[in-house]
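The structure under discussion appears below in the form of structure tokens.
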Amino acid sequence: AAAPVITLDGPGGVGKGTLGRHLARRLGWHLLDSGAIYRATALAAVRAGLALDDVDGLASLARELPLRFVEAGDETEIWLGDERIDTAIRTPEVGQWASRIAALAPLRSALLQRQRDFQQAPGLVADGRDMGTVVFPDARLKIFLTASVEVRAARRLKQLMEQGSSASLATIAAEIAERDRRDRERSVAPLVAAPDARILDTSALSVAESSRVLEGWVVDAF
Ligand code: C5P
């Protein structure tokens, strides 16, 4: 039988990355950070001088992208060829580029199999926007996270500061709101909860509290 999958979808800054990592570690499962794939593709495209609406160019770049996720102890290193790009892909600018190319259907198709290849024993926690709706529609447990824009912007700011970058809260909130709108309104694989997803609003919850809820759902589902 295929390895079990838990999908974790939701808008930017909602805690998918952190909660997904905790859950994957608790279960001893693999983790797919699908947003990092879109971000890496966007970064590579801009560096290659491709226009962000060059559908064919972007799709072939995506198919050939030498992207590797290397699990190293507590963290996952992200490599593009022989360069580590973990930090470079986390900027708000790359996030904007990613959400622009993510609206293109051929680009999304080109990345589909790369994402499905992460479904391996003993199991997979997959985080993104369309994990439960498009990439893993048969997942045993589908989770959709929400939180207010204000809360998400504050979390992002904290993350950026921990990485040594800075930005204003207002700038981050505006960036998140714009990316949300683009992700929700696109016609292909829009950001929306799967009909069979369980929904958790994390606005008022700590990471530990949210984790506890998710772990309860895992126990129910498996
Ligand atoms: O989650 P993250 O902020 O890293 O995602 C960056 C962008 O990539 C999102 O704003 C979205 O446009 C796109 N994305 C997507 N589908 C996914 C994951 C990310 O369209 N499964």
Side-chain angles (χ1 to χ4, degrees), residues 5-21 31-46 52-53 55 58-59 61-62 65 67 69 76 78 80 85-119 124-137 139 142-147 149 151-153 155-160 163 165 167 172-194 197 202:
V5 179
I6 296 173
T7 60
L8 205 51
D9 289 306
V14 79
K16 300 184 301 287
T18 305
L19 294 171
R21 178 162 301 283
L31 180 68
L32 165 61
D33 172 2
S34 61
I37 298 180
Y38 286 91
R39 286 170 180 269
T41 306
L43 181 68
V46 168
L52 295 181
D53 58 359
V55 180
L58 289 165
L61 175 90
L65 204 67
L67 182 65
F69 291 83
T76 306
I78 307 174
L80 185 62
I85 56 166
D86 308 46
T87 312
I89 60 170
R90 296 296 163 201
T91 68
E93 195 177 29
V94 175
Q96 287 291 342
W97 297 339
S99 82
R100 286 177 54 192
I101 67 168
L104 307 170
L107 185 274
R108 302 195 73 88
S109 312
L111 293 176
L112 200 55
Q113 193 55 47
R114 192 188 282 270
Q115 296 172 83
R116 289 186 174 150
D117 287 344
F118 280 77
Q119 181 174 3
L124 174 68
V125 176
D127 102 51
R129 303 291 185 291
D130 63 339
M131 297 296 100
T133 49
V134 176
V135 182
F136 301 107
K142 299 181 183 180
I143 299 166
F144 192 87
L145 300 175
T146 66
V149 172
V151 166
R152 291 187 283 129
R155 288 179 185 160
R156 259 296 144 77
L157 179 61
K158 185 160 166 270
Q159 246 172 20
L160 286 172
Q163 292 169 2
S165 326
I172 295 175
E175 191 269 328
I176 283 184
E178 184 183 346
R179 214 142 55 84
D180 274 8
R181 187 189 49 72
R182 200 182 284 131
D183 290 346
R184 288 202 168 98
E185 290 178 359
R186 69 185 176 213
S187 54
V188 47
L191 170 64
V192 64
T202 67

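Predicted model, so just to flag it, every value in this text is computed and none were measured. For ligands, and for the atoms within them, numbers begin at 1 and follow the listed sequence.
Close contacts between ligand 1 and Gly128 involve ligand atoms 18 (C), 21 (N) [criterion: under 4.0 Å to a heavy atom]. Atoms of ligand 1 found under 4.0 Å from any heavy atom of Ala102, numbered from 1 in the order shown, are 12 (O), 13 (C), 20 (O). Heavy-atom proximity to Asp183, at under 4.0 Å, picks out these atoms of ligand 1: 9 (C), 10 (O), 11 (C), 12 (O).
No side-chain donor-acceptor contact under 3.5 Å links Arg179 and Ser99. In this model, no donor atom of one side chain and acceptor atom of the other lie less than 3.5 Å apart for Thr41 and Arg114. For the residue pair Gln113/Arg116, the side-chain donor-acceptor check at 3.5 Å is not satisfied.
Protein heavy atom at the shortest distance from atom 17 (C) of ligand 1 is Arg129 N, 3.4 Å. The protein heavy-atom contact nearest to atom 4 (O) of ligand 1 is Arg39 NE, 2.6 Å. Counting protein heavy atoms only, atom 8 (O) of ligand 1 is closest to Tyr38 CB, 3.5 Å. The protein atom (non-hydrogen) at minimum distance from atom 6 (C) of ligand 1 is Arg179 NH1, 3.4 Å.
Between Ile85 and Arg39, every side-chain heavy-atom pair lies at or beyond the 4.5 Å cut-off. Side-chain contact between Phe118 and Asp33 is absent, with no heavy-atom pair separated by less than 4.5 Å. Annotation: side chain of Leu104 is not in contact with side chain of Leu52 (no heavy-atom distance under 4.5 Å). Side-chain contact between Lys16 and Met131 is absent, with no heavy atoms from C-beta onward closer than 4.5 Å.
Of the heavy atoms in Arg186, only side-chain atoms (C-beta onward) come closer than 4.0 Å to ligand 1.
In this comparison of Ser99, Pro92, Ala42, Ser34, the heavy atom closest to atom 18 (C) of ligand 1 sits on Ser34.
Arg90 approaches Ala36 most closely through the heavy-atom pair NH2-CB, 4.0 Å.
Using a non-hydrogen distance threshold of 4.0 Å, Arg108 registers as a contact of ligand 1. Using a 4.0 Å heavy-atom cutoff, Met131 is listed among the residues neighbouring ligand 1.
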